[in-house]
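Report on one structure; see the data block that follows.
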Amino acid sequence: MIDKVVASADEAVADIPDGASLAVGGFGLCGIPVALIDALHRAGTTDLETVSNNCGVDDWGLGILLRDGRIRRTISSYVGENKEFARQYLAGELEVVLTPQGTLAEKLRAGGAGIPAFYTKAGVGTQVSEGGLPQKYDAGGGIAVASAPKEVRSFGGVDYVLEEALTPDFGLVHAWKGDRHGNLVFHATAMNFNPLCAMAGRVTIAEVEELVEPGELDPEHIHTPGIFIQRVVLAANAEKRIEKRTVALARPGQAASAHDAGSTRQAGA
């Protein structure tokens, strides 16, 4: 078996060229491959197309690439937490392909499974299927690029829209544990889009919090087998952030307890 470990995140992303398409794991700030994104930012890589549930926040994750104008086009399902994203989209600086979340997940899974397209009920009777969604604006606020209509077909008297699979040039994912052969284990909610992006990328790079030797992972607990992974890099001290912190208000005369404090979204796993 091939030892897929590389020495650093910078080495792992060194051959990603300008103009590449990237499937990037994570949901909000949970389970995002921040070490690989930071390395890509240091490399100066630009003109990127990203496929990700969202595009980070203004100063972290994919948001740092967006902030510096490195992302040309993004395929996403949720983009509501990034003010710079909204500004670039409305100013005509960024092309955005909004995709229903389940459809996005299946487009990645299908790509990894070698299925070129599939039919789904999501989006039938809307601009998702009928076309006309603004994907890019011009400088005057007009629509420069609109989505094209998609094929709709009836099965059993129910209409479905045809969606094509995604197979980006590279996949960037974050895992809890991985071995030298690329077998990965994700922790809790960090499973989100990471296994799907790992499958879909033609070349997939995994950053792992803990690197173990082959045979140490229970085969029954492996979420993504090494056949989908080409490179592994240790990112033991990757920063984890909380996207939104919500705490309960203290009752009169009482301090908020640790039990009352919580968060709506927690980064990493």
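Heads up: numbering here begins at 1 and tracks the sequence.
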List in chain and number order the residues that pass salt bridge (Lys or Arg N to Asp or Glu O under 4.0 Å) with R109, two or more places apart in sequence or in another chain; answer none if no residue qualifies. E106
Under the salt bridge (Lys or Arg N to Asp or Glu O under 4.0 Å) test, residues paired with D47 that sit two or more places apart: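 Expected list: R72.
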Can you label the angle between the H223 ring and the F186 ring as parallel, tilted or perpendicular, going by 30° and 60°? parallel
Identify each donor-acceptor pair in which a side-chain atom of residues 18-30 lies under 3.5 Å from a protein atom, sequence neighbours left out, and give them as a table.
{"residue": "D18", "atom": "OD1", "partner": "T46", "partner atom": "N", "Å": "3.0"}
{"residue": "S21", "atom": "OG", "partner": "D169", "partner atom": "N", "Å": "2.9"}
{"residue": "S21", "atom": "OG", "partner": "D169", "partner atom": "OD2", "Å": "3.2"}

T74 and T50: side chain to side chain donor-acceptor pair (under 3.5 Å), yes or no, with the steps? CA-CA 5 Å; T74 186; T50 58; 2.9 Å; yes
When you look at K136 and V96, which way does the side chain to side chain contact (heavy atoms under 4.5 Å, CB included) test go after all the steps? CA-CA 6 Å; K136 190 173 185 180; V96 179; over 6 Å; no
Name each donor-acceptor pair under 3.5 Å that joins a side chain in residues 112-125 to protein atoms two or more places apart or in another chain, with its distance.
{"residue": "Y119", "atom": "OH", "partner": "E151", "partner atom": "OE2", "Å": "2.5"}
{"residue": "T120", "atom": "OG1", "partner": "A122", "partner atom": "N", "Å": "3.2"}

Within the structure provided, determine whether I143 and D138 are in side-chain contact (heavy-atom separation under 4.5 Å).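 The answer is no, as the side chains (C-beta and beyond) never meet within the 4.5 Å cut-off.
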In the structure I gave you, are the side-chain heavy atoms of V97 and V51 within less than 4.5 Å of one another anywhere? no
For [Y], is there an ion pair with [X] - N to carboxylate O distance below 4.0 angstrom?
{"X": "E216", "Y": "K177", "result": "no"}
{"X": "R180", "Y": "D3", "result": "yes"}
{"X": "E49", "Y": "R73", "result": "yes"}
{"X": "E163", "Y": "K150", "result": "yes"}
{"X": "R67", "Y": "D59", "result": "no"}

Run the side chain to side chain donor-acceptor pair (under 3.5 Å) test against T45 and tell me which residues pass, sequence neighbours left out.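 Listed in chain order: nothing, the list is empty.
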With sequence neighbours excluded, residues passing side chain to side chain donor-acceptor pair (under 3.5 Å) with R231: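 Counting only residues at least two positions away or on another chain, R231 forms a side chain to side chain donor-acceptor pair (under 3.5 Å) with D15.
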Restricting to non-hydrogen atoms, name the atom on V185 and the atom on A175 that form the minimum distance, rounded to 0.1 Å.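 It is O-CB, 3.7 Å.
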Rounded to the nearest 0.5 Å, how far does SG of C197 lie from CD1 of I205? 12.5 Å
ILVMFWY network linking F85 to Y137, side-chain heavy atoms under 4.5 angstrom: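 Yes, same cluster.
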For T189, is there any backbone N or O sitting under 3.5 Å from a side-chain donor or acceptor partner on N192?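 Confirmed, N192 side chain pairs with T189 backbone.
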